[in-house]
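A short write-up of the structure that comes next.
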Number of protein chains: 2
Amino acid sequence: MEDVAEVAGVSRGTVSRVLNGGHYVSPDALTAVQRAIRKTGYVVNQHARSLVTQRSDSIAFILSDPQDRLFEDPNFAILLKGCTQALAERDITLLLTVAGTQEDRKRVGRWVTAGHVDGVLLVSEHAGSPLINELRTRGLPIVAAGRPIGHEREISYVAADDRDGARQLVEHLRSRGRRRIAIITGPIDTPGGVDRLAGYQDVLGEPDPRLVANGDYTQDSGARAMEELLHRAPDLDAVFVCSDLMALGAVAVLQRAGKRIPEDVAVGGFDDSKAAVSATPQLTTIRQDFARVSVEMVRLLQDSITSGGRSAVILPTELVVRDST
Amino acid sequence: MEDVAEVAGVSRGTVSRVLNGGHYVSPDALTAVQRAIRKTGYVVNQHARSLVTQRSDSIAFILSDPQDRLFEDPNFAILLKGCTQALAERDITLLLTVAGTQEDRKRVGRWVTAGHVDGVLLVSEHAGSPLINELRTRGLPIVAAGRPIGHEREISYVAADDRDGARQLVEHLRSRGRRRIAIITGPIDTPGGVDRLAGYQDVLGEPDPRLVANGDYTQDSGARAMEELLHRAPDLDAVFVCSDLMALGAVAVLQRAGKRIPEDVAVGGFDDSKAAVSATPQLTTIRQDFARVSVEMVRLLQDSITSGGRSAVILPTELVVRDST
DNA sequence: GCCGAGACTGTGAGCGCTCCCAGAAAGTGG
DNA sequence: CCACTTTCTGGGAGCGCTCACAGTCTCGGC
C-alpha cells in the first residue's frame with residue numbers, strides 16, 4: 001500500500017480513501033491511485049483490514065443436519081445457490097460449514113465465535129440444538145431458514161408458510177371427495193414436521209392415529225412410512241406426504257401394492273421440487289419459493305449486522321395441482 | 001491476550017507459545033495459561049494471526065461450473081463432503097465458492113488472490129478457463145479434481161483412471177457379444193469427456209461417427225443423445241454412457257422405443273452413483289471412488305502448501321456388473 | 001478583505017497477534 | 001568450580017491496514 005502511495009505520489013491515507021469509496025479524494029489523486037494500483041498489481045490484505053475494522057465481510061452458512069441431506073435434498077442446494085448469489089452481489093463471502101455431529105457443532109461454534117464471520121445463516125437446525133444458544137451468547141447475528149423451534153422470539157428467521165400450505169393441500173384433497181386422508185410427516189423436531197401436521201389437523205381435526213406416519217424427508221423413509229400406512233389403514237384414499245422426495249418413495253410403494261394414482265389413492269407432496277414433475281404421475285404439491293427464502297435471509301442478516309434488529313418473514317405457499325390428485 | 005497473560009501471571013509471549021503448541025513452556029505456566037484462557041473465554045483473533053503469519057488456515061473449494069450441476073450431479077456433493085471432513089480434521093476451513101459465469105470467475109480470481117486462502121481445490125474446471133492461469137501467476141497452490149486439460153505438468157491433480165475404466169466397460173460389452181457399441185460422451189472440454197472416449201477407441205479403434213453422441217452429464221442430455229443415436233444407428237446393440245445420470249435418460253428413451261435392456265441393447269454407465277442401483281434394470285457401471293479422490297486432493301494440497309511440490313494421483317477404476325449388460 | 005464552511009491531504013496511533021532476541025534459570029560434563 | 005548447552009521467559013518490533021485528527025487550500029457570502 002505504501003508502494004502504491006509512492007507510485008501515485010500521495011499518502012497511505014489517500015490510497016485508503018480510494019479503496020473505501022473514494023470520498024474526499026480529488027479526481028487527480030483518484031486516477032493516479034487507480035493507475036498505481038493497476039501498475040503494482042496491488043490487492044488489499046483482508047486480514048489487516050479486518051483487524052482494524054473488526055469485520056470480516058463474510059458470513060457462515062451452517063448446515064446443521066445429522067445426515068447427508070445436502071446430497072439428497074435439492075432444497076438445500078437451491079438455498080445455497082440463492083444465498084451465494086445474493087451475497088456475491090454485496091461482495092460478501094459465503095463460508096459453507098457442515099455441522100452434522102454434535103462434535104462438529106462444538107467445533108463450528110468455536111470457529112464461528114473466533115471472529116471469522118460477521119453473521120450466520122442457520123439451515124436445518126433441529127429443536128434443542130445447543131448451537132443456537134452458543135451463538136446467541138456471543139451476540140452473533142443469526143438468521144435461520146425455517147422457524148427455529150423454541151427460539152422464535154430470539155433470532156430472525158425466514159420461513160415458508162408451512163401450516164397454510166398443508167391446509168391448502170388437505171383441503172384440496174377433501175374437495176376431491178377424499179375422506180380417509182393419511183399423512184406422512186417430516187421429523188417432529190423440525191418446523192416442517194410440526195407445522196405441516198398442524199395444518200393437516202386444522203382441516204381434519206384430531207387425526208386417526210392409524211393415518212399418521214413419520215418420515216425424515218428421505219425417499220426411503222417415505223416408502224417405509226407408506227408401507228406402514230397401507231398396513232394399518234388399507235382403506236385410505238389419499239395421503240399427504242410432507243416432501244416430494246418422500247412422496248416419490250410413497251408412490252413407488254402404492255404402485256407396487258397395485259393402487260392406481262389418483263383413482264385409488266390421491267397423493268400430495270410438498271416443495272414443488274424437480275422430483276414432483278419428473279414423477280409419474282406428476283405430483284400435486286405445495287410450492288415454496290426457496291430462491292426467495294435465500295434472498296430474504298441475506299437481507300435480514302445484513303439488517304441484523306448493521307442495525308442489530310430481529311425480525312421474521314413468512315412467505316406464502318401455493319398449491320400446484322397436477323395429476324396425482 | 002494481554003488479559004489472559006495478566007490473569008495467568010505470565011507475558012504475552014508465553015500465552016502465544018501455549019496457543020501454538022506449548023513448546024518451551026513450563027508445566028506450571030502451561031496450566032496457568034490454560035486456566036486463564038478458560039476463565040476469560042478468550043479466543044484468538046484469526047485476522048491478527050493471519051496478518052503476521054501470512055497464512056489463513058483456510059482453503060477454497062472452487063466449483064467452476066454452472067451452478068445447477070451441484071444439484072443434479074451427486075459426485076460434487078460427495079467430493080464436497082469428503083473435502084470438508086478431511087480439512088476439518090486438519091483444522092482448516094473450507095470456503096465454498098461457485099464460479100459459474102465468466103464474470104464469477106473474475107471475481108473469484110480477485111478474491112482468492114487477495115490472500116483469503118492458502119490454496120485452492122479446483123473442481124470441474126473446463127479446458128481453456130482463464131482461472132487456472134490467473135491463480136498460477138499468483139503462485140497459489142492448486143489441486144484439481146480430474147485431469148486439468150492443458151495444465152497437466154503445471155498443477156497437481158487427482159483423477160480416476162477414466163480411460164482405463166472406459167476400456168474395461170467396453171471390453172465387457174464386447175465379451176457379452178455386442179458388436180454395434182455406441183457411446184454417449186461427456187463434454188469434450190472435460191477430461192471425463194475426452195478420456196472415456198479415448199478408452200472406447202482403445203478397444204474399438206476409430207469409431208463409426210454414427211455411434212458417437214455428446215451429452216453434458218445431465219439426465220436430459222443423455223435422453224437427447226440416445227434419441228439421436230437410435231435415429232442414426234437403429235441397429236446398435238449396446239451403448240456406453242459416460243455417466244450414470246445420462247444413462248438414466250438413455251434407458252428411459254430406449255424403453256420408450258420398445259427396446260429391452262439388456263436383451264436388445266446393453267447399457268453401461270459410469271460413476272457407480274446411487275442412480276445406478278436405483279435404476280431398473282440396475283446399471284452395470286464403472287466405480288470411481290470420489291471419497292478417496294477428496295482425501296487425496298486435500299493431502300496433495302497440503303503438501304503443496306508446505307513444500308511447494310507438484311504431483312498427480314491417478315486412482316484405479318473398477319467395473320461393477322449389474323443387470324443392464 | 002475577512003471569515004467560516006467545505007473539500008482534500010498527510011501523519012500517528014493502534015487493531016491483536018507472532019517472531020526474534022536477549023537474558024535468566026536449570027541442567028551437564030570435565 | 002567453571003564453561004557450555006538447553007529450557008524457559010519477557011519485551012520490542014512490526015505484519016498492513018483504517019481511523020481520527022490536524023492541517024492546507026479553495027470558495028462563496030457579507
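So you know, we letter chains A, B, ... as the sequences are listed, proteins then strands, and number each from 1.
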Would you mind writing out the side-chain donor-acceptor pairs for residues 4-25 of chain A within the sub-3.5 Å range, not counting sequence neighbours?
from  : atom 1 : to    : atom 2 : distance (Å)
A:S11 : OG     : A:G13 : N      : 3.4
A:N20 : ND2    : A:S16 : O      : 2.7

> What pairs of residues pass the salt bridge (charged side-chain N to carboxylate O under 4.0 Å, His left out) test when at least one of them lies in residues 20-48 of chain A, not counting sequence neighbours?
Replying inline: none

>> According to side chain to side chain donor-acceptor pair (under 3.5 Å), who are the partners of B:R136, at least two apart in sequence or on a separate chain?
In response: B:E154

>> Tell me which residues in residues 11-35 of chain A lie within less than 4.0 Å of DNA chain C, going by non-hydrogen atoms.
In response: A:S11, A:R12, A:G13, A:T14, A:R17, A:Y24, A:V25, A:S26, A:A29

Extract all donor-acceptor atom pairs below 3.5 Å that involve side chains of residues 294-309 of chain B and protein atoms in other chains or at least two apart in sequence.
from   : atom 1 : to     : atom 2 : distance (Å)
B:S294 : OG     : B:F290 : O      : 3.3
B:S294 : OG     : B:A291 : O      : 2.7
B:E296 : OE1    : B:R299 : NE     : 3.3
B:E296 : OE1    : B:R299 : NH2    : 2.7
B:Q302 : OE1    : B:R90  : NE     : 2.3
B:T306 : OG1    : B:Q302 : O      : 3.0
B:T306 : OG1    : B:D303 : O      : 3.2
B:S307 : OG     : B:D303 : O      : 2.7

> For the helix from C:dG1-D:dC30 to C:dG30-D:dC1, how many degrees between its two end axes (five pairs per end), to the nearest 10°?
Replying inline: 40°

> Does any residue of residues 42-55 of chain B have a heavy atom under 4.0 Å from DNA chain C, and if so, which ones, in number order?
Replying inline: B:Y42, B:V43, B:V44, B:N45, B:A48, B:R49, B:L51, B:V52, B:T53

> Residues two or more places apart in sequence or in another chain: which of them pass salt bridge (Lys or Arg N to Asp or Glu O under 4.0 Å) with A:D57?
Replying inline: A:R55

> In terms of side-chain heavy atoms, does A:D3 have a donor or acceptor partner in A:T40 at a distance below 3.5 Å?
Replying inline: no

> Which residues satisfy the ring pair (Phe, Tyr, Trp, His ring centres under 6.0 Å) test with A:H151, sequence neighbours excluded?
Replying inline: none

>> By the definition side-chain contact (heavy atoms from CB on, under 4.5 Å), identify the one residue from A:L63, A:N75, A:L94 that meets it with A:L80.
In response: A:L94

> Is there a donor-acceptor pair under 3.5 Å between the side chain of A:S64 and the backbone N or O of A:L122?
Replying inline: no

>> Need two values: the first and the last nucleotide of DNA chain D, 5' to 3', having an atom under 4.0 Å from any heavy-atom of chain A.
In response: D:dG16 to D:dT18

>> Suppose we screen for side chain to side chain donor-acceptor pair (under 3.5 Å). Which residues come up paired with B:R147, at least two apart in sequence or across chains?
In response: B:E152, B:D195

> What are the two closest heavy atoms between A:F61 and A:C83, and how far apart are they?
Replying inline: CE1-SG, 3.9 Å

>> My understanding is that only residues two or more places apart in sequence, or in another chain, count here; which of them pass side chain to side chain donor-acceptor pair (under 3.5 Å) with A:D162?
In response: A:R196

